[in-house]
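Quick notes on the structure that follows.
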Amino acid sequence: MKKTTGMDRATTRNWRAATQAVRGGTWRSEHGETSEALFLTSGYTYDDAQTVADRFAGDAQGMTYSRLQNPTVAMLEERIALLESAEACRAQASGMAAMTAALLCQLSAGDHCVAARAAFGSCRWLVDHLLPRFGIETTVIDSADDAQWEAAIRPNTKVFFFETPANPTLDVVNLQHVCDVARAHNIITVVDNAFATSALQRPMDFGADVVAYSATKLMDGQGRVLAGAICGSEQWINEVLLPFQRNTGPNISPFNAWVVLKGLETLELRAMRQSQNAVELGGFLEPRIDTAGGRMLHPGLASHPRYELARRQMRSTGPIFAFDVGTRERAFAILDALQLIDISNNIGDARSLMCHPASTTHAGMEADDRAAMGVTEGLLRINVGLEDIDDLKEDLDQALQAAGI
Ligand SMILES: *Cc1c(COP(=O)(O)O)cnc(C)c1O
């Protein structure tokens, strides 16, 4: 293997993040290709029967089947692990495949899971509907209230599950506090880091055990593929996640893994620029929204209740924020008047996208749960892209005017 291999931890773990993002995990074939190779193969062949027997017995390294190993997927996993400073990572077919696997691989009937109330709609569905079907008790709390975490613990509590900032209300969880409480009670923290990614926030630096991802969002960053990932200690990945993953098969396609590898090369640049655009656009909108009696939900603005905490635990606050304009009619009027920004429920894209969570991403929830979470009828969520900030301001300016704001 050439000296430029990105699979040698002794070298790669000393690289800074920007170097890891473009080189970490690169595993060149004998052709010495510059870009990562795409191995579209489900199976592998062997020179002799003993070779494959040794691999299946675990006595020899090597690929056996793409549900178990694939070189392109392995490159993505190594790159994400390096960026997260995690011992190990396994890629998944989607963010929801990752969340489902991260919970089901370690929870059993009789266990208890404490989860954040403010969460992506499907993450709440796992907690509210799927886990209880298998005899796993769940408690949903206000994740931004530090005291509620410890208060919710029972003797059988095994997992804390939350995202920060949360989708779509931008609640910020105190990572250090929640991870400390979990450690003290032998509870595993599973952090959904999709909104920030390792470029902006590294939960493991605060003691998180497992970091799970929708890589569909900022990691790909160009709205092309579904992808997910789970990071953890080598022991947890090998002993807890892998038996579940290898036998249930929520694997990512090598093609999608390759696309995300390309996305990671520019992750930091995109995340920082989009965060900067989001702070500027939020600051531009806030006085207008305030005057109209609305509400701005933006962890990068001083009006956010956890602005200082977000500054401490995040490098920058990310591309997404939300604001409430009072009624569904007004929210729809703004969306319908947009000329540049697209109406879309996706996030993390280099394009600016806006949606009405109550009728889209969170439409599947009970109205009461939605209201308790703060997903009001007038709430709009925006993903701020890489367009020129003045074009974005002009588009929102005319859309707000059209809606009488
Ligand atoms: C989008 C999202 C998910 C789900 O990811 P998919 O890749 O769409 O399956 C999970 N958590 C958060 C916070 C998300 O934004």
Side-chain angles (χ1 to χ4, degrees), residues 86-88 90 92-164 166 173-175 177-193 203-204 206-214 228-251 364-366 368-369 372-373:
E87 286 177 17
R90 285 292 178 278
Q92 314 291 323
S94 68
M96 286 323 301
M99 302 310 152
T100 306
L103 294 174
L104 285 185
C105 75
Q106 59 181 334
L107 286 165
S108 305
D111 289 340
H112 175 235
C113 171
V114 178
R117 184 171 70 197
F120 183 63
S122 293
C123 292
R124 276 295 301 268
W125 185 87
L126 295 181
V127 170
D128 295 344
H129 299 286
L130 186 73
L131 298 182
R133 263 173 47 199
F134 295 98
I136 300 156
E137 300 169 34
T138 61
T139 303
V140 169
I141 61 162
D142 176 357
S143 59
D145 179 351
D146 288 355
Q148 290 199 19
W149 289 96
E150 187 143 27
I153 295 173
R154 299 179 191 169
N156 56 340
T157 304
K158 192 155 179 199
V159 167
F160 279 176
F161 177 45
F162 62 93
E163 55 196 60
T164 181
V173 178
N174 186 337
L175 281 167
H177 172 78
V178 176
C179 293
D180 285 350
V181 169
R183 273 282 146 90
H185 292 85
N186 261 329
I187 293 166
I188 307 267
T189 40
V190 177
V191 183
D192 176 346
N193 201 29
M204 285 185 173
F206 300 91
D209 299 297
V210 177
V211 177
Y213 272 107
S214 169
I230 304 173
C231 297
S233 70
E234 189 103 38
Q235 188 184 14
W236 185 87
I237 293 278
N238 288 336
E239 293 174 13
V240 182
L241 176 67
L242 277 188
F244 180 90
Q245 179 170 351
R246 291 171 151 228
N247 295 299
T248 59
N251 300 59
M365 294 181 65
E366 303 291 333
D368 291 355
D369 289 343
M373 197 197 270

request  = Show your working on side chain to side chain contact (heavy atoms under 4.5 Å, CB included) between N238 and R90 and close with a plain yes or no.
outcome  = CA-CA 10 Å; N238 288 336; R90 285 292 178 278; 4.3 Å; yes
Can you see which heavy atom on [X] is nearest to which on [Y], and at what distance?
X: C231; Y: A86; result: CB-CB, 3.7 Å
X: C123; Y: M96; result: N-CE, 3.8 Å
X: S143; Y: A116; result: CB-CB, 3.4 Å
X: D209; Y: M204; result: O-CE, 3.5 Å
X: V191; Y: A208; result: CG2-CB, 3.8 Å

Can you measure from [atom1] ([X]) to [atom2] ([Y]) and round to the nearest 0.5 angstrom?
X: R246; Y: L241; atom1: CZ; atom2: CG; value: 10.5 Å
X: T157; Y: I187; atom1: OG1; atom2: CD1; value: 5.0 Å
X: C179; Y: N174; atom1: SG; atom2: CG; value: 9.0 Å
X: I230; Y: M99; atom1: CD1; atom2: CE; value: 8.0 Å
X: C105; Y: L242; atom1: SG; atom2: CG; value: 9.5 Å

Side chains of [X] and [Y]: does their closest heavy-atom pair fall under 4.5 Å?
X: Q245; Y: P250; value: yes
X: L104; Y: T248; value: no
X: T100; Y: Q92; value: no

remark   = Quick note, side-chain hydrogen bond (donor to acceptor under 3.5 Å, both in side chains) partners involving residues 120-132, not counting sequence neighbours, are R124-D128
message = Before you tell me yes or no, could you show the steps for R133 and L130 under side chain to side chain contact (heavy atoms under 4.5 Å, CB included), namely the whole-Å CA-CA distance, both residues' side-chain angles and the distance that decides it to 0.1 Å?
response = CA-CA 5 Å; R133 263 173 47 199; L130 186 73; 4.2 Å; yes
All side chain to side chain contact (heavy atoms under 4.5 Å, CB included) counterparts of [X], not counting sequence neighbours:
X: D145; answer: D142, A147, Q148
X: T138; answer: C113, V127, L131, P132
X: A93; answer: A97
X: E366; answer: D369

ask   = Will you find, in the side chains of Q235 and E87, an N or O donor that is under 3.5 Å from an N or O acceptor?
value =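 Judged by distance alone, the side chains do not pair up.
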query = If only atom types and distance count, is the side chain of R154 paired as donor or acceptor with the main-chain N or O of H112 below 3.5 Å?
reply =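 No: the side chain of R154 does not pair with the backbone of H112.
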With V159, the side-chain contact (heavy atoms from CB on, under 4.5 Å) member among I136, V210, L103 = L103
task = I would like to know whether T189 and R183 meet side chain to side chain contact (heavy atoms under 4.5 Å, CB included); could you show each step before the answer?
result = CA-CA 9 Å; T189 40; R183 273 282 146 90; over 6 Å; no
request  = Keeping to residues at least two apart or across chains, list the ring pair (Phe, Tyr, Trp, His ring centres under 6.0 Å) pairs with something in residues 136-159.
outcome  =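 Sorted pair list: W149-F160, W149-F162.
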inquiry  = side chain to side chain contact (heavy atoms under 4.5 Å, CB included) for Q106 and V190? Distances and angles first, verdict last.
reply    = CA-CA 11 Å; Q106 59 181 334; V190 177; 3.4 Å; yes
